Student: 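Would you mind keeping the following structure in view while I ask a few things?
Since the structure is predicted, the reported quantities are computational estimates derived from the model, not experimental observations.
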Amino acid sequence: MSSESTEAWAGWYRDRQGAESVTISASGGQLRTSIRGVVYEGATFAALRAAGASQVLASCVLEWDMPLPVHADGTVQQATLSCLLTLGEPTGGVPPLDRSDLNLTLHYGGAAYEAGVADGDFDDALGSIRRQLPPGAELGRREPAQA
């Protein structure tokens, strides 16, 4: 898959004003979603900002599922990675946020492998899940998103 490929995942956005379905897309190492008519972009899930503005996505929850291949015993099996990102309030009215909690659950082989990290670091959370997998099982690559 080339770095110009686009992946998209359906999900939900929730804040004090309610909930709405969203699509999160990843292309060329950038993430993008539209919430209530405002496009948010960023290099990581926890750093989404309004396109062309300094407004950071805050005080909300994003939830989405993404397919993720798992290699085991010479085969590739599709698993589902359920993602829950909780973004807190901007400190002092500006970024950084007072919290950015990411919880991942990999549903694979009839089991659920969970990881939660502060600061929303996706790769750290995936690393924790990797360490829980049965011997011989490995997560496939997430391309093009490296967020």
Student: Please work out whether the ring planes of W64 and F122 are parallel, tilted or perpendicular, with thresholds of 30° and 60°.
Tutor: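 It falls in the parallel class, under 30°.
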Student: At their closest point, which heavy atom of G140 faces which heavy atom of L68, and how far apart are they?
Tutor: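 Minimum heavy-atom separation between G140 and L68: O-CD1, 4.1 Å.
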Student: Looking only at atom types and distance, does a side-chain atom of D73 sit under 3.5 Å from a main-chain N or O of T75, one as donor and one as acceptor?
Tutor: no
Student: Under a 3.5 Å distance rule, please check whether T33 uses its side chain to pair with a backbone N or O of T23 as donor and acceptor.
Tutor: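 Side chain of T33 to backbone of T23: a pair is present.
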Student: Tell me the closest heavy-atom pair linking L104 and A125, and the distance in Å.
Tutor: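 Scanning both residues, the minimum pair turns out to be CD1-CB, 3.4 Å.
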Student: Locate the shortest heavy-atom distance separating M66 from C83; write the atom from each residue and the value.
Tutor: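 Between these two residues, the closest heavy atoms are SD-SG, 3.9 Å.
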Student: Under the rule for salt bridge (charged side-chain N to carboxylate O under 4.0 Å, His left out), what residues qualify as partners of D15, not counting sequence neighbours?
Tutor: R36
Student: With distance as the sole criterion, is a donor-acceptor pair present between the side chains of Q55 and Y40 under 3.5 Å?
Tutor: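 A pair is found: one side chain offers a donor N or O, the other an acceptor, under 3.5 Å apart.
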Student: Atom CG of L84 and atom CG of D101: how far apart are they, to the nearest 0.5 Å?
Tutor: 9.0 Å
Student: Under a 4.0 Å N-O cut-off, is there an ion pair linking E89 with R16?
Tutor: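 A salt bridge is present here (some side-chain N lies under 4.0 Å from a carboxylate O).
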Student: Shortest non-hydrogen contact from G88 to D98?
Tutor: CA-OD1, 3.2 Å
Student: Over all heavy atoms of both residues, which pair between L57 and L87 is shortest? Give the atoms and the distance, please.
Tutor: O-CD1, 3.5 Å
Student: Quick check: closest heavy atoms across L31 and F45, and the distance to 0.1 Å?
Tutor: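 For L31 and F45, the tightest heavy-atom pair comes out as CD1-N, 3.3 Å.
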Student: Counting C-beta onward and ignoring hydrogens, is there a side-chain heavy-atom pair between V61 and L85 closer than 4.5 Å?
Tutor: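 No. Closest side-chain heavy atoms not under 4.5 Å.
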Student: Per the side chain to side chain contact (heavy atoms under 4.5 Å, CB included) rule, which among T105, L126, V70, D65 passes with L81?
Tutor: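 By the side chain to side chain contact (heavy atoms under 4.5 Å, CB included) criterion, L81 pairs with just one of T105, L126, V70, D65: L126.
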Student: Look up atom CG in D124 and atom CG in L102, then write down how far apart they are to the nearest 0.5 Å.
Tutor: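 Going from the CG atom of D124 to the CG atom of L102 covers 9.5 Å.
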Student: Not counting sequence neighbours, which residues clear salt bridge (charged side-chain N to carboxylate O under 4.0 Å, His left out) with E114? List them please.
Tutor: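 Testing E114 for salt bridge (charged side-chain N to carboxylate O under 4.0 Å, His left out), a comparison that skips the adjacent residues, returns none.
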Student: Could you tell me whether a side-chain N or O of Q132 sits under 3.5 Å from a main-chain N or O of S128, the two making a donor and an acceptor?
Tutor: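 Yes.
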